[in-house]
Amino acid sequence: MNRRGALSLGFALGVTGCGLSAPSDPGLEAELRVEGAQYYPGSMPDADRGPSVVSTNLPDSQAAVGELDHPFTGALDASATAALVGLVGDAGYWVLVAGSPSIAAPGFPTFDASMDFSPTMDPGNYTLRVQASDESGHFGATALTPIHVVPTNLPSGTLVVALSWDTESDLDLHVVVPGGVEVFARNINSVATPAPGKPVDPNAYESGGILDFDSNENCVIDGRRRENVVWSVPPPSGTYIVRVDTFSLCAAAFANWSVAVVLDGDVIARARGSSNPIDAEGPHDRGSGVLALTFAVP
């Protein structure tokens, strides 16, 4: 961020009624989201004689991909009016108005961040960056805190195909198995229906891939934003096709999604994408959706 932009941001943070408008960008492309904070795209400003970060407190230094409401608190120098919070290298950062001093930090403004981690981010080691700002538009030195992001907890199974997304939309996972059966919300098991006149095995479903949940079905929001097709026994050999169908965005502007394939505990394929209003048009049945990936089981 240039000097002029940094001063404008600091002035907007510290002075009310100044007529400056905050960015309208909701920060959906960022890997870290902070509840109740204002998003600013781009890199965090350079330090410029501003207030310091007195302390930070990350009770759990491990988070999961797609995790919500991960706490992160801290205290700022007495002259601070806001805290800037973001991941190093992310698309942007978040600004929280400084709160009242706490019992643990009497005399110092505090911040209380409830962090959400994008379901499309890669697992790995990240660094949280925090700065303090005052009402004159000065920014202090950076405080860095490491955090390790682990894969989302997936259901157990020999093969798991997992879809997750980041807005309260209705996305549907479609998996076509070798032989052509398609698993999705209207056909939740990969075991083919017997031909007319053939006996029905009541236990046959146990050998198939089963869709565990139809999340946000018909925009009845459940907050899960995740669907899995799971095999509890060795899956059939051959090529599998995975598609993502945008049944409805449910008033969201778009949805970022991620697909992961886990075979015998190892991730063998990943894909990312984004759904927009055009993707929600048309039929939503067998064959619907955009191709996410294909993979093979030996």
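Position 1 is the first residue of the sequence; numbering continues from there.
A pairwise comparison of heavy atoms in Ser275 and Leu171 identifies OG-CD2, 4.0 Å as the closest pair. Annotation for Glu35 and Leu96: closest pair O-CD2, 4.2 Å, computed over non-hydrogen atoms. Between Val95 and Ala82 the shortest heavy-atom distance is CG1-CB, 4.1 Å. Considering every non-hydrogen atom in both Pro51 and Ala132, the closest pair reads O-CB, 3.5 Å.
The line from CG of Leu128 to CG of Leu32 is 6.5 Å long, rounded to the nearest 0.5 Å. Between the CZ atom of Phe108 and the OG atom of Ser100 there is a distance of 14.5 Å, given to the nearest 0.5 Å. Distance check, rounded to the nearest 0.5 Å: OG of Ser136 to CZ of Arg49 gives 9.5 Å. Here the straight-line distance linking atom OG of Ser215 with atom CZ of Phe247 works out to 13.0 Å at 0.5 Å rounding. For the atom pair CG of Leu76 and OG of Ser55, the computed distance is 8.0 Å after rounding to the nearest 0.5 Å.
No donor-acceptor pair under 3.5 Å is formed between the side chain of Asp266 and the backbone N or O of Ile268. Not a single donor-acceptor pair under 3.5 Å links the side chain of His284 to the backbone N or O of Ser248. Between the side chain of His138 and the backbone N or O of Asp48, at least one donor-acceptor pair lies under 3.5 Å. Although no hydrogens or angles enter the test, the distance criterion places a donor-acceptor pair under 3.5 Å between the side chain of Ser118 and the main chain of Thr120. Under the 3.5 Å distance criterion, the side-chain polar atoms of Asn218 are left unmatched by any main-chain donor or acceptor of Val220. Checking side-chain atoms of Thr142 against main-chain N and O of Gln131 turns up no donor-acceptor pair under 3.5 Å.
Applying the side chain to side chain contact (heavy atoms under 4.5 Å, CB included) rule to Val233 yields the partners Ser207; only residues at least two apart in sequence or on another chain are considered. Remark: Asp122 pairs with Arg272 by the salt bridge (Lys or Arg N to Asp or Glu O under 4.0 Å) rule, at least two apart or across chains. A search for salt bridge (Lys or Arg N to Asp or Glu O under 4.0 Å) contacts involving Asp285 returns Arg186, not counting sequence neighbours. Listed by chain and number, the residues in a side chain to side chain contact (heavy atoms under 4.5 Å, CB included) with Ala91 are Glu29, Tyr39 (sequence neighbours excluded). Not counting sequence neighbours, Arg286 has no partner by the salt bridge (Lys or Arg N to Asp or Glu O under 4.0 Å) test. Asp172 meets the salt bridge (Lys or Arg N to Asp or Glu O under 4.0 Å) test with no other residue; sequence neighbours excluded.
Residue pairs satisfying the salt bridge (charged side-chain N to carboxylate O under 4.0 Å, His left out) criterion with at least one member in residues 220-234, sequence neighbours excluded, are listed as follows: Glu168-Arg225, Asp212-Arg224. Counting only residues at least two apart or on different chains, no disulfide (SG to SG under 2.5 Å) pair has a member in residues 258-298. For residues 245-290, the disulfide (SG to SG under 2.5 Å) pairs, not counting sequence neighbours, are Cys219-Cys250.
Looking at Tyr126 and Pro146, their side chains never come closer than 4.5 Å, going by heavy atoms from C-beta outward. You'll find the side chain of Pro155 reaches within 4.5 Å of the side chain of Val160, heavy atoms only. For the pair Val177/Trp231, a side-chain contact is recorded, criterion being any heavy-atom separation below 4.5 Å from C-beta on. Side-chain contact between Pro109 and Thr81 is absent, with no heavy-atom pair separated by less than 4.5 Å. Annotation: side chain of Leu249 is in contact with side chain of Pro277 (closest heavy-atom distance under 4.5 Å).
Between Tyr40 and Tyr93, the ring planes are parallel. Angles under 30° get that label, and only those over 60° would be called perpendicular. Using the six-membered ring where Trp is involved, Phe111 and Phe72 have ring planes that are perpendicular, over 60° apart on the 30 and 60° scheme.
Counting side-chain heavy-atom gaps under 4.5 Å among Ile, Leu, Val, Met, Phe, Trp and Tyr, the cluster of Leu291 also holds Val176, Ile241. Clustering of Ile, Leu, Val, Met, Phe, Trp and Tyr by side-chain heavy atoms under 4.5 Å joins Leu144 with Val88.
Val34 and Leu68 are members of different hydrophobic clusters when ILVMFWY side chains are connected at heavy-atom separations under 4.5 Å. Note on Leu87: it clusters hydrophobically with Met115, by side-chain heavy-atom contacts below 4.5 Å among ILVMFWY residues.
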Which donor-acceptor pairs under 3.5 Å do the side chains of residues 255-263 make with protein atoms, sequence neighbours left out?
| unit_1 | atom_1 | unit_2 | atom_2 | d |
| --- | --- | --- | --- | --- |
| Asn256 | OD1 | Ser274 | OG | 3.4 |
| Asn256 | ND2 | Leu28 | O | 3.1 |
| Asn256 | ND2 | Asp166 | OD2 | 2.9 |

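Checking Asp112 against Thr73 by side-chain atom types alone, no donor-acceptor pair falls below 3.5 Å.
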